[in-house]
Amino acid sequence: MDSEAVYKEELVIFLSKCLSQNRPFYAFQLPESEEIKIGTQKETKLVSYQHLFELGGKAGFVFAPFHQDEKHLSWFIRSDIFLSEKDITKDSLQVLDALEYNSERRDLNSETHVSSQEEYFEQIKFMIADLQQKKLDKVILSRIQTIDDSGKTNAVDSFLKLSRVYPSAFVFFVVIPSAGTWIGASPETLLIADDSGVKTMALAGTQSLGDRKMEDIQWARKEIEEQAYVSKYIEQILSKHELNSFIRKGPETVRAANIVHLQTSYQLSVVPDFQKLAALVEDLHPTPAVCGLPILQAQKLIRKQENHDREYYAGYLGPIAANGSLSLFVNLRSMKVLKDKMALFVGGGITADSIPEKEWEETCLKAQTLLNVIRK
Ligand SMILES: C=C(O[C@H]1C=CC=C(C(=O)O)[C@@H]1O)C(=O)O
């Protein structure tokens, strides 16, 4: 067995132990890093936060819902133990064994609303009518697709497979007993900030890559306009925070697994303090890639039309450091592990020109990002 395989084996044991101890923990792989990091708190009681700035000076992992309310709190897992996969040894496993077992019930509630195709078409038609009347420019309609999983899909295995297959995504595995077990491979950066500056992006438009080359991808007017709304919005937010001096790259075609998106990336060389970054995060979330524009009208329409609870799908998550650095991503291409199934959350941007059948297909493609890997 080579040394890498040894580390991997201990990584699997570490993650499996966290899971069996019902311990709040997180594991992630940053885009292009090819290195898994894991963190957990010694005490099992977690703190929730109302506003991100409350976490200034702390190191840990944030997990925020699409819409924060009494049912869905924004959670923070402190990094009392924080390890890179290469540093996990037998000793790390013993440290875990010495910690208390968490008797808090894990949210494995299997009651999720799965939309039928008919229901989804009805919802889209209603949305298109509002979009054509120019009540709003864009709205995201999402749905849940479940796959039966009576022990066939192991959560640890799914996460590790995703981390290997999608090195350019933010691959995550988060267990918070009251919020559930979430696994995903997100293509969307909400905000990354470190000593070198700040990065964010405007992401929209989806097509299957198929066997085409990236340079052969063409975008229709609907997608170009949809992505332009998102860029305009991100620039307005940056300007509101007096972050006007940025390098803009794109819109360009980027790959996310089996699909491609249109993306404009923004890079700033300033390093705002954590309080300012926290305020920026709260303005960026929810992005028009998961909610719509204008935000308030889109939120209202989503509440009216969607029959499921988005919970933490379309929320944000990621590590924050005590020095104020953070790497936050949008909770997309993700699934919640339920008692005997996995609930995959998928959505897409609807505009006045949307064709319901094509939008349905797009959500199926997005579900394939996960299915292609976990079903293997
Ligand atoms: C809402 C999702 O994707 C968003 C991100 C990129 C492209 C999207 C689109 O083309 O509609 C969505 O806005 C999802 O994957 O559930």
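When a residue number appears, it is its place in the shown sequence, counting from 1.
Side-chain atoms of S186 and N331 include no donor-acceptor pair closer than 3.5 Å. For the 3.5 Å distance criterion, the side chains of T351 and D353 fail to qualify, holding no donor opposite an acceptor. Side chains of Q227 and T264: a donor-acceptor N/O pair is present below 3.5 angstrom, by distance only. For the residue pair H113/D309, the side-chain donor-acceptor check at 3.5 Å is not satisfied. Counting only N and O atoms by type, the side chains of H51 and E282 include a donor and acceptor under 3.5 Å apart. In this model, a donor atom of one side chain and an acceptor atom of the other lie less than 3.5 Å apart for H308 and S142. Side-chain polar atoms of R255 and S168 form no donor-acceptor pair below 3.5 angstrom. Between the side chains of S115 and Q123, no donor-acceptor pair of N or O atoms lies under 3.5 Å. A donor-acceptor contact closer than 3.5 angstrom links the side chains of S196 and D194.
Counting heavy atoms of neighbouring residues, nucleotides and ligands inside a 6.0 Å radius, atom CD of Q133 exceeds 12 of them. Within 6.0 Å of CD on E34 lie no more than 12 heavy atoms contributed by other residues, nucleotides or ligands.
L262 and V254 fall into different hydrophobic clusters, where Ile, Leu, Val, Met, Phe, Trp and Tyr residues are linked whenever their side-chain heavy atoms come under 4.5 Å apart, directly or through other members. Taken together through direct or relayed side-chain contacts under 4.5 Å among Ile, Leu, Val, Met, Phe, Trp and Tyr, V260 and V346 form parts of separate hydrophobic clusters. Residues I38 and V95 share a single hydrophobic cluster, defined by chaining ILVMFWY side chains whose heavy atoms lie under 4.5 Å apart. Note on L96 and F159: same hydrophobic cluster, where clusters join Ile, Leu, Val, Met, Phe, Trp and Tyr whose side-chain heavy atoms are under 4.5 Å apart, directly or indirectly. Note on I88: it clusters hydrophobically with L15, by side-chain heavy-atom contacts below 4.5 Å among ILVMFWY residues.
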Problem set entry | Trace of the salt bridge (charged side-chain N to carboxylate O under 4.0 Å, His left out) decision for K86 with E35 | CA-CA 8 Å; K86 62 174 177 359; E35 185 182 33; 3.4 Å; yes
For this session: I would like to know whether E252 and K249 meet salt bridge (charged side-chain N to carboxylate O under 4.0 Å, His left out); could you show each step before the answer?
Result: CA-CA 8 Å; E252 61 185 343; K249 190 166 164 241; 3.5 Å; yes
For this session: Apply salt bridge (charged side-chain N to carboxylate O under 4.0 Å, His left out) to K222 and E226, showing your working.
Result: CA-CA 6 Å; K222 184 236 167 201; E226 187 185 332; 3.0 Å; yes
Exercise. Step by step, would you call Y316 with T287 a side chain to side chain donor-acceptor pair (under 3.5 Å)?
Worked result: CA-CA 10 Å; Y316 68 86; T287 65; over 6 Å; no
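A tilted orientation is assigned to the rings of F345 and W182, their planes being inclined by 30° to 60°. Relative orientation of the F61 and F170 rings is parallel, given thresholds of 30° and 60° on the angle between their planes.
Salt-bridge check for K336 with E311: passed, with a basic side-chain N closer than 4.0 Å to an acidic carboxylate O. Electrostatic pairing of D80 and R78 counts as a salt bridge here, judged by a charged N lying under 4.0 Å from a carboxylate O. Of the charged side-chain nitrogens involved, none lies within less than 4.0 Å of a carboxylate oxygen, so that E225 and K138 do not count as a salt-bridged pair.
Using modelled atom types, one side-chain atom of Q68 and one backbone atom of Q50 make a donor-acceptor pair closer than 3.5 Å. Remark: the backbone N or O of E306 is not paired with any side-chain donor or acceptor of R310 at under 3.5 angstrom.
The two residues M127 and Q305 make their nearest non-hydrogen contact at CE-CB, 3.9 Å. Across all their heavy atoms, L328 and P319 have their closest contact at CD2-O, 4.3 Å.
Contact annotation: the side chain of P187 approaches that of R333 to within less than 4.5 Å [non-hydrogen atoms, C-beta and beyond].
Taking K58 as the reference, nothing meets the salt bridge (charged side-chain N to carboxylate O under 4.0 Å, His left out) condition, with sequence neighbours excluded.
In summary, of the residues considered (K42, K17, Q41), a side-chain contact (heavy atoms from CB on, under 4.5 Å) with L99 occurs for K42 alone. A ring-ring contact (aromatic ring centres under 6.0 Å, His included) with F63 is found for one member of F25, F173, Y312, Y26 and no other, namely Y312.
Note on residues 226-265: pairs passing ring-ring contact (aromatic ring centres under 6.0 Å, His included), not counting sequence neighbours, are F246-Y266.
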